[in-house]
Amino acid sequence: MAKDVIIALDMDSADRVVRFLDAFTLAKPFVKIGMELYYAEGPDIVRRIKDRGHRIFLDLKLHDIPNTVRKAMKVLSALDVDMTNVHAAGTRAMMEAALEGLERTGGHTDLIAVTQLTSTDEARMRKELLIDASMEETVLHYALNARDAGLAGVVCSPLESLRIHEACGEGFMTVTPGIRFADSAKGDQVRVMTPARARENASDYIVVGRPITEAEDPVAAYERCVREFLA
Ligand code: C5P
């Protein structure tokens, strides 16, 4: 399976994004457009970045009733991005509906599911969400639901990647944020891993934001990430 580094473009304007991407004169990195950028600039930012030759993960994490998600995915499928996602917590029926919506226009977008957000810890899951199972069991269960619904993979912690491959199969992709260089700040991420350790743990794609976007030399930081992850 293809392995790659995805840069999280967590920025609030097209101008900032264009200035950032202009520095990448040789490589055209795979990039992630999340809610902030999408809500600020609308679908046009997706078309602009795609026209510049980048592959795109549209990270909008849809979660609603199946009919609404099916119709929203049908609209999004016109953007023909490489990857997009929903919450596995929306149930298998919702994930199947999302896939139907995407496939209706015949594009080739990989649909993946968010398992448990890494900002949710086990104590909160038990106390606030009344989920009486461990984080690992919950994440694996959500991943199996996503696989059974026909999705291509999940977003998960790099710590969970190996177990998910064991349970769901090698071909089921894991896309993992929470990546830090051994010598960089963790920010608000709690459970972090270096690109090299994520490779050893069988992550298929790593999503890297601040270690690249806030680096003094983002191109060099991206190249370092690629070197460490794909070595
Ligand atoms: O800057 P940093 O490398 O922490 O950015 C990680 C990116 O991955 C952010 O866009 C964040 O929203 C996203 N993400 C995450 N944890 C998840 C799901 C998505 O950090 N469980």
Side-chain angles (χ1 to χ4, degrees), residues 4-13 16-17 20-21 29-41 45-46 49 54-63 81-90 110-122 124-125 129 131 135-136 138-140 142-143 146 151-161 163-164 173-199 201 203-216 218 220-226 228-229:
D4 212 344
V5 173
I6 302 178
I7 304 179
L9 297 176
D10 292 326
M11 302 170 188
D12 61 4
S13 78
R16 280 196 63 202
V17 167
F20 175 79
L21 292 178
F30 200 143
V31 297
K32 177 170 91 70
I33 297 175
M35 294 183 201
E36 183 187 15
L37 185 57
Y38 190 80
Y39 291 151
E41 298 286 351
I45 190 65
V46 179
I49 296 176
H54 296 271
R55 280 178 296 154
I56 296 173
F57 169 19
L58 187 58
D59 178 22
L60 299 180
K61 300 187 178 73
L62 272 63
H63 189 174
V81 294
D82 299 273
M83 198 184 282
T84 192
N85 60 0
V86 292
H87 269 284
D110 281 327
L111 182 64
I112 61 175
V114 177
T115 51
Q116 269 296 348
L117 291 173
T118 43
S119 51
T120 311
D121 61 16
E122 200 170 299
R124 261 191 214 120
M125 213 174 66
L129 306 181
I131 295 174
M135 180 62 79
E136 189 182 337
T138 309
V139 166
L140 277 178
Y142 282 13
L151 271 61
V154 285
V155 184
C156 62
S157 154
L159 298 161
E160 293 151 356
S161 202
R163 289 283 292 115
I164 287 174
M173 68 167 100
T174 56
V175 179
T176 63
I179 303 296
R180 291 295 178 266
F181 293 121
D183 51 9
S184 69
K186 280 165 63 171
D188 56 354
Q189 296 281 15
V190 183
R191 301 190 304 153
V192 298
M193 217 182 242
T194 63
R197 291 273 296 130
R199 167 173 44 83
N201 278 269
S203 291
D204 294 303
Y205 291 91
I206 54 173
V207 176
V208 189
R210 289 160 289 181
I212 295 175
T213 56
E214 292 180 4
E216 230 165 82
Y222 170 71
E223 286 168 353
R224 176 181 175 190
C225 226
V226 170
E228 289 188 17
F229 183 58

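Read the numbers this way: they start at 1 and go in the same order the structure lists the ligands and their atoms. Please read these numbers as outputs of a predicted model, since none were measured by experiment. Excluded from the calculations below are hydrogen atoms, water molecules and symmetry mates; all remaining heavy atoms, backbone and side chain alike, are included.
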Check your understanding: Which residue and non-hydrogen atom of the protein lie closest to atom 6 (C) of ligand 1, and at what distance in Å?
Key -> Gln189 NE2, 3.8 Å
Exercise for review: May I ask you to identify the nearest protein heavy atom to atom 18 (C) of ligand 1, giving residue, atom name and distance to one decimal place in Å?
Suggested key: Pro177 CG, 3.8 Å
Practice item. Look at atom 11 (C) of ligand 1 and say which protein heavy atom is nearest, naming residue and atom and giving the distance to 0.1 Å. Key: Lys32 NZ, 4.3 Å
Practice item. Check each atom of ligand 1 against the heavy atoms of Arg210 and keep those under 4.0 Å away; list them by number with element. Key: 1 (O), 2 (P), 3 (O), 4 (O)
Check your understanding: Any idea which heavy atoms bring Thr138 and Ile131 closest together, and the distance?
Key -> OG1-CG2, 3.8 Å
Check your understanding: With a cut-off of 4.0 Å, which atoms of ligand 1 are near a heavy atom of Gly209?
Key -> 1 (O), 2 (P), 3 (O), 5 (O)
Study note, to complete from the structure: Heavy-atom closest pair (Arg180 atom, Pro195 atom, distance to 0.1 Å) is O-CD, 3.7 Å
Point to revise | Distance-only N or O hit between ligand 1 and Asp10, under 3.5 Å | key: yes
Practice item. Any atoms of ligand 1 less than 4.0 Å from a non-hydrogen atom of Pro211? List them with their elements. Key: 3 (O)
Practice item. Among Ile164, Ile112, Val175, Val114, find the residue that satisfies the side chain to side chain contact (heavy atoms under 4.5 Å, CB included) test when tested with Cys156. Key: Ile164
Review point. Does Glu41 reach the side chain of Val17, with side-chain heavy atoms less than 4.5 Å apart?
Key: no
**Study point:** Ala8 N/O to ligand 1 N/O under 3.5 Å
**Key:** no
Check your understanding: Ignoring hydrogens and geometry, is there a side-chain-to-backbone donor-acceptor pair from Thr115 to Val155 under 3.5 Å?
Key -> yes
**Study point:** Shortest protein heavy-atom distance from atom 21 (N) of ligand 1, along with the residue and atom involved
**Key:** Thr118 OG1, 3.0 Å
Exercise for review: Kindly identify the option in Arg180, Met35, Glu36, Glu214 whose heavy atom sits closest to atom 2 (P) of ligand 1.
Suggested key: Arg180
Review point. Is the closest side-chain heavy-atom distance between Tyr142 and Val154 below 4.5 Å?
Key: no
Check your understanding: At a 4.0 Å cut-off, with the gap strictly under it, does some heavy atom of Gly34 reach an atom of ligand 1?
Key -> no
Check your understanding: Less than 4.5 Å apart, any side-chain heavy atom of Leu117 and any of Lys61?
Key -> yes
Review point. With a 4.5 Å heavy-atom cut-off, do Ile179 and Pro158 have their side chains touching?
Key: yes
